[in-house]
Every structure is written in C-alpha cells, then in structure tokens.
Trainee: 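First the structure, then my questions, so here it is.
Quick caveat, the model's predicted, so the values are computed rather than measured. By convention in this document, chain letters (A, B, ...) are assigned in the order of the sequence lines, proteins followed by strands, and residues within each chain are numbered from 1.
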Amino acid sequence: GAVVSQHPSRVICKSGTSVKIECRSLDFQATTMFWYRQFPKQSLMLMATSNEGSKATYEQGVEKDKFLINHASLTLSTLTVTSAHPEDSSFYICSAVTGLISYNEQFFGPGTRLTVL
Amino acid sequence: AQSVTQPDIHITVSEGASLELRCNYSYGATPYLFWYVQSPGQGLQLLLKYFSGDTLVQGIKGFEAEFKRSQSSFNLRKPSVHWSDAAEYFCAVGNFSGNTPLVFGKGTRLSVIA
C-alpha cells in the first residue's frame with residue numbers, strides 16, 4: 001500500500017514552454033503533498049506544500065507564478081513549470097502524507113526528470 | 001532551526017566490510033527519523049524509520065540504525081556491504097504532524113570496491 005506515482009517520469013522541452021507534472025496517491029487519500037527539487041548531486045530541497053482545496057505554500061525563493069501547484073483532489077497534485085528555462089532542469093519529487101491517526105508518514109513518488117533545452 | 005548533518009560526503013568501502021553512515025540532527029520537537037537510499041536517476045526508497053520505542057531499528061536490505069537522543073544522532077549501519085549498496089543515502093527528520101515536510105541532510109555517496 002501507500003504508493004505514489006508521478007507522470008511523466010522524464011520530460012524534455014524547449015525553453016519557454018510549460019510542463020505539467022502529476023503526482024498521484026494511488027491507494028490512499030492525501031490531504032497534503034510536498035514538492036521537492038533535487039539538483040544533480042545535491043539533496044532534496046522543499047519547494048512547496050500543497051494542501052487539497054487551498055493555495056499552496058511556497059518556500060522562500062521559489063517563484064509561485066513560475067511553479068504553479070494545484071491540489072484539486074485528495075489523490076492528485078500537479079506542478080506546472082511555466083515558461084521553463086534551462087536553469088529549471090532538475091529532478092522533481094513529490095511526496096504524499098497518508099493522514100493516518102498515528103505516525104503520519106510521507107511516501108515519495110519516483111520523481112520526474114525535467115530537461116529544458 | 002531544524003537541520004540534518006551528514007558529515008561524510010563520500011565514503012568508499014570494500015565489499016564485505018562493515019559500514020556506518022553518520023547523521024546528526026537538530027530539531028525542536030520530538031524527532032521522527034528516516035533513512036532513504038537513492039540510486040542514480042531514481043527516486044527515494046525508505047530504508048528504515050524511527051518513531052518511538054526501541055532505539056535500534058531494523059530496516060530493509062540488512063540495514064539498521066540506532067537513535068541516540070543524547071548525541072542527537074541516528075547513524076545507519078550494515079555489517080557487510082554488497083556491491084549493490086552503492087548509492088546515495090539521505091537522512092531526514094520530521095515530526096509527528098504529517099503536514100510538515102521532511103528536512104533532509106545533504107546525503108552521503110557510498111562507493112563499494114571489490
């Protein structure tokens with residue numbers, strides 16, 4: 001149980017285009033999802049917290065108009081990178097919280113590799 | 001401030017040798033601690049976690065970790081390393097409330113030589 005999927009797993013796009021990444025909790029409802037970014041050979045850095053039915057909370061330094069997050073249902077959050085540029089190339093990972101009564105635990109998706117040419 | 005320190009950026013061990021990866025944390029509340037492994041180009045795989053109880057926790061792939069509150073440490077160990085253990089290892093800390101994100105260390109890259 002507690003499986004999180006991401007789609008696509010890999011995407012290559014031209015500079016200036018927008019890319020949408022989906023994060024789905026397959027067998028549980030997730031009131032909260034987190035979006036992380038990982039640059040090569042670096043750790044995961046939190047970008048934003050996504051709560052179902054409300055606006056996302058962005059970390060300092062993350063442009064909310066560039067990284068649009070929508071958490072429209074309890075099983076789906078989307079991250080849209082608008083007008084992508086080469087510096088946005090990164091590995092994007094989402095995680096979802098099960099919301100169980102005890103031991104809230106995050107489950108991570110497999111990640112999406114974004115390459116902007 | 002909440003933080004996780006993994007002092008070793010890169011460790012090389014011989015296959016069959018023992019392994020210890022260090023992790024120290026700074027956390028204002030009761031910490032919930034995790035170790036994840038990431039192979040190149042892949043997502044994160046949970047090795048083990050500590051929430052409460054026995055301070056020595058067993059994980060998958062023969063890994064274990066020991067929580068030492070007095071030292072604010074959660075070191076990962078394996079008695080005999082296999083070549084397939086070569087990967088990046090991340091220590092992370094969170095709290096009971098799942099609507100707060102995990103804080104990750106910078107990771108330790110493990111290389112295994114014959």
Trainee: What I want to check is whether the side chains of S77(A) and H71(A) have a donor and an acceptor closer together than 3.5 Å.
Mentor: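 Distance-only check fails for S77(A) and H71(A).
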
Trainee: Can you tell which part of I9(B) gets under 4.5 Å to a heavy atom of chain A, answering side chain, backbone, both or neither?
Mentor: neither

Trainee: If you count heavy-atom pairs within less than 4.5 Å of chain A, which of Q45(B), E88(B), K49(B), Q6(B) leads?
Mentor: K49(B)

Trainee: In terms of heavy-atom proximity below 4.5 Å to chain B, should Q38(A) be classed as side chain, backbone, both, or neither?
Mentor: side chain

Trainee: Can you tell me which residue among D8(B), N75(B), T5(B) is in a side-chain hydrogen bond (donor to acceptor under 3.5 Å, both in side chains) with R22(B)?
Mentor: D8(B)

Trainee: With K78(B) as the cation and F63(B) as the aromatic partner, state whether NZ or CZ is under 6.0 Å from the six-membered ring centre and within 45° of the axis.
Mentor: yes

Trainee: Do F91(A) and F39(A) make the cut of ring centroids closer than 6.0 angstrom?
Mentor: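 Judged by ring-centre distance (under 6.0 Å), F91(A) and F39(A) do not meet the cut-off.
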
Trainee: Can you say whether L44(A) sits under 4.5 Å from chain B via the side chain, the backbone, both, or neither, judging by heavy atoms?
Mentor: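 Its backbone and side chain both get close to chain B.
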
Trainee: Counting only non-hydrogen atoms closer than 4.5 Å, does Q42(B) touch chain A with its backbone (N, CA, C, O), its side chain (CB onward), both, or neither?
Mentor: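 When you check distances to chain A, only backbone atoms of Q42(B) fall under 4.5 Å.
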
Trainee: Using non-hydrogen atoms and a 4.5 Å limit, figure out which bit of F90(B) sits close to chain A: side chain, backbone, both or neither.
Mentor: side chain

Trainee: Do other residues, nucleotides or ligands put more than 12 heavy atoms under 6.0 Å from the NZ atom of K106(B)?
Mentor: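 Counting neighbours around NZ of K106(B), 12 or fewer heavy atoms of other residues, nucleotides or ligands fall under 6.0 Å, so no.
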
Trainee: How about N51(A) and T32(A): does a side-chain donor come under 3.5 Å of a side-chain acceptor?
Mentor: yes

Trainee: Which region of Q38(B), side chain (C-beta onward) or backbone (N, CA, C, O), has a non-hydrogen atom less than 4.5 Å from a non-hydrogen atom of chain A, or is it both or neither?
Mentor: side chain

